[in-house]
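What follows is a short report on a single structure.
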Amino acid sequence: MSENKKLEKIVGVKGMNDILPADAGMWELLENTVQSVLKSYGFQQIRTPIVEPTPLFARGLGEVTDIVEKEMYSFEDSMNGDKLTLRPEGTAGVVRAAIEHNLVYDGPKRLWYVGPMFRHEKPQRGRYRQFYQTGIEALGFTGPDIDAELILMCQRLWDDLGLQNVRLELNSIGDAGERNAHRAALIAYFEQHIDILDAEAKRRLHANPLRILDTKNPAMQEMVNAAPKLIEYLGSESLAHFEGVQAILRQNNVPFTINPRLVRGMDYYNRTVFEWVTDELGSQGTVCAGGRYDTLFSTFGGKPTPACGFAMGMERLLELMKANGEMHEPAQCDVYLVHQSTEAQMQAMVLGERLRDAGLNVVLHCATATGVGSFKSQMKKADASGAAYAVIIGEDEAVNQQASVKALRADEQETNQVTVPFDTVVDYLLDQIAGEHHGDDCCDDPDHIHLH
């Protein structure tokens, strides 16, 4: 290659986005809030691989679904010929793990996960080829109470995140026998209106007619609205289960709308299905969706186990948080260490470790290609870091074994810089921080003090 030829720049895969440091604060706020809410309901985290056997999704989600037919990143492992897929959703992997490791042998489990999913779709706002989901799976519970608890948990999360204009849509799709009766009625009804069906609906007519109800084609809306409704085919047990969910939601003042066309996109659902939707994100209005899937364990060769869960799109929740005015720019550190001279740098290194031992987040100014920089340039960096305090060690301070501590966020009337003996800087800063946080009991870890 010619020495003068410039190497071509490599860019990321379309639809798979970098999460940059400027956005990390909002992600951290969302993830911490989600984890706090899930912990308050007794859920434990599970982590499953990003890559799973392709048959797991083909069997679990259904062969005639958009995900399996069009969207999965599937490939053959060139090392051994295994057929593998980047996970398009999380439930199948969790159920596979629960069966493989016999997780529910000693009773029901409340599990949650978070991580990237992959679907080959047209990238647009709120819909990416690599996207992040938090999912919740309650395994081994039979009653409507767990269905309702998951919905109550969502409501608490929206409240804690300050989200508004998120509404709940609810439906029951019954059990297999009821769906089969409804399916036969749907096919007969759609065959009577075959001239109105578009090509996609005709393709699905006998394979998965329930999905036709979810069409976005305006020319089909009136006909679809008049189609037989599944709730008309529900038996007494399914109706009682659905009424039980509704009763708990009403008792807890959670408003909802029954949407008879809500069917969900995977084949494994039964009985309760729900979606949390908003009008603030354009066409990608579903921020959380889920329901009951009592037959999935059997589909994967496991012992029949009732289950219920949901997944929420993290990018969409972040978009909604921003739309509701939530901005989060946490400080990079509590203390920024400024120094000048080799001896001062050595002392700053030692002091930085002592401050971290005490539970503080510390950034030590380090040299760049242009050198360490002047005091003035270092102080600009300290201020930009968001730190509450700058600890300054110059040549005089190094000789006198002391440091200057400057309060970067002090009011103009306050004295914002003091000289402190080197050996007492840690205690001095902890006293200052404890004073600023007097009465603040929000910190989960009493051994870690962090300035906001």
Side-chain angles (χ1 to χ4, degrees), residues 58-69 91-92 95 141-144 146-148 169-217 220-247 249 256-275 289-300 302 304-310:
R59 194 192 308 176
L61 307 187
E63 296 279 3
V64 190
T65 57
D66 283 348
I67 296 174
V68 173
E69 287 185 327
T91 299
V95 171
F141 300 93
T142 59
I146 193 68
D147 305 20
E169 294 187 351
L170 192 66
N171 193 23
S172 174
I173 58 173
D175 293 326
E178 296 154 358
R179 284 198 303 280
N180 286 338
H182 176 243
R183 182 179 182 276
L186 271 185
I187 291 174
Y189 174 80
F190 288 139
E191 285 179 337
Q192 293 173 7
H193 299 85
I194 195 75
D195 55 321
I196 302 177
L197 299 183
D198 58 22
E200 184 73 2
K202 289 176 181 176
R203 187 180 66 83
R204 283 178 163 159
L205 178 57
H206 294 280
N208 196 350
L210 204 62
R211 296 294 294 141
I212 300 176
L213 298 176
D214 205 27
T215 181
K216 301 297 188 290
N217 186 340
M220 294 172 53
Q221 292 303 312
E222 184 177 352
M223 180 271 295
V224 165
N225 287 338
K229 293 177 174 53
L230 179 53
I231 198 165
E232 299 166 355
Y233 292 81
L234 298 186
S236 57
E237 288 188 13
S238 293
L239 283 172
H241 189 102
F242 194 36
E243 287 295 334
V245 175
Q246 295 176 64
L249 296 181
F256 59 88
T257 301
I258 295 179
N259 178 0
R261 289 175 56 182
L262 178 60
V263 296
R264 304 297 303 123
M266 290 78 150
D267 282 0
Y268 54 64
Y269 283 105
N270 70 299
R271 293 199 177 180
T272 309
V273 291
F274 61 88
E275 289 187 0
R292 181 163 282 281
Y293 52 94
D294 293 333
T295 62
L296 190 56
F297 273 75
S298 299
T299 300
F300 289 160
T305 304
C308 186
F310 67 78

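For the pair Y293 and G309, the tightest heavy-atom approach, listed with the atom from each and the gap, is CE2-N, 3.6 Å. Shortest non-hydrogen contact noted between L197 and K202 is O-CE, 3.3 Å. When all heavy atoms of A185 and Y233 are compared, the pair lying nearest together is CB-OH, 3.2 Å. Annotation for L262 and V273: closest pair O-CG2, 3.7 Å, computed over non-hydrogen atoms. Contact record, F297 with A307: CE1-CB, 4.4 Å, taken as the closest heavy-atom pair. Contact record, A148 with L249: O-CD2, 4.1 Å, taken as the closest heavy-atom pair.
Distance alone, capped at 3.5 Å, is enough to place a donor-acceptor pair between the Y189 side chain and the M223 backbone. E178 places no side-chain N or O within donor-acceptor distance of the main-chain N or O of E232, the cut-off being under 3.5 Å.
Within the model, atoms CG of L234 and CZ of R179 stand 10.0 Å from one another, a figure rounded to the nearest 0.5 Å. Atoms CG and CZ, on N171 and F274 in that order, are 12.5 Å from each other to the nearest 0.5 Å. Rounding to the nearest 0.5 Å gives a distance of 14.0 Å between OG1 of T272 and CZ of F310. Here the CZ-NE2 distance, from F190 to H206, works out to 11.5 Å after rounding to the nearest 0.5 Å. To the nearest 0.5 Å, atoms NE2 (H241) and OG1 (T142) are separated by 8.0 Å. Taken to the nearest 0.5 Å, the CG atom of L230 stands 9.0 Å off from the CG atom of L213.
Within the 4.5 Å cutoff, side-chain heavy atoms of T91 are placed close to those of L296. Here the side chains of R292 and I173 are not in contact, with every heavy-atom distance at 4.5 Å or above. A 4.5 Å side-chain heavy-atom check between N259 and E275 finds every atom pair outside the cut-off.
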What's the verdict on side-chain contact (heavy atoms from CB on, under 4.5 Å) for T305 and V95, showing C-alpha distance, side-chain angles and the deciding distance? CA-CA 10 Å; T305 304; V95 171; over 6 Å; no
T215 and V224: CA distance, side-chain angles, deciding distance, side-chain contact (heavy atoms from CB on, under 4.5 Å) verdict: CA-CA 8 Å; T215 181; V224 165; 3.9 Å; yes
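Checked options D294, D147, D175; the residue passing with R271 is D175 (criterion: salt bridge (charged side-chain N to carboxylate O under 4.0 Å, His left out)).
Open room surrounds CD on E237; 12 or fewer heavy atoms of other groups in view lie less than 6.0 Å from it.
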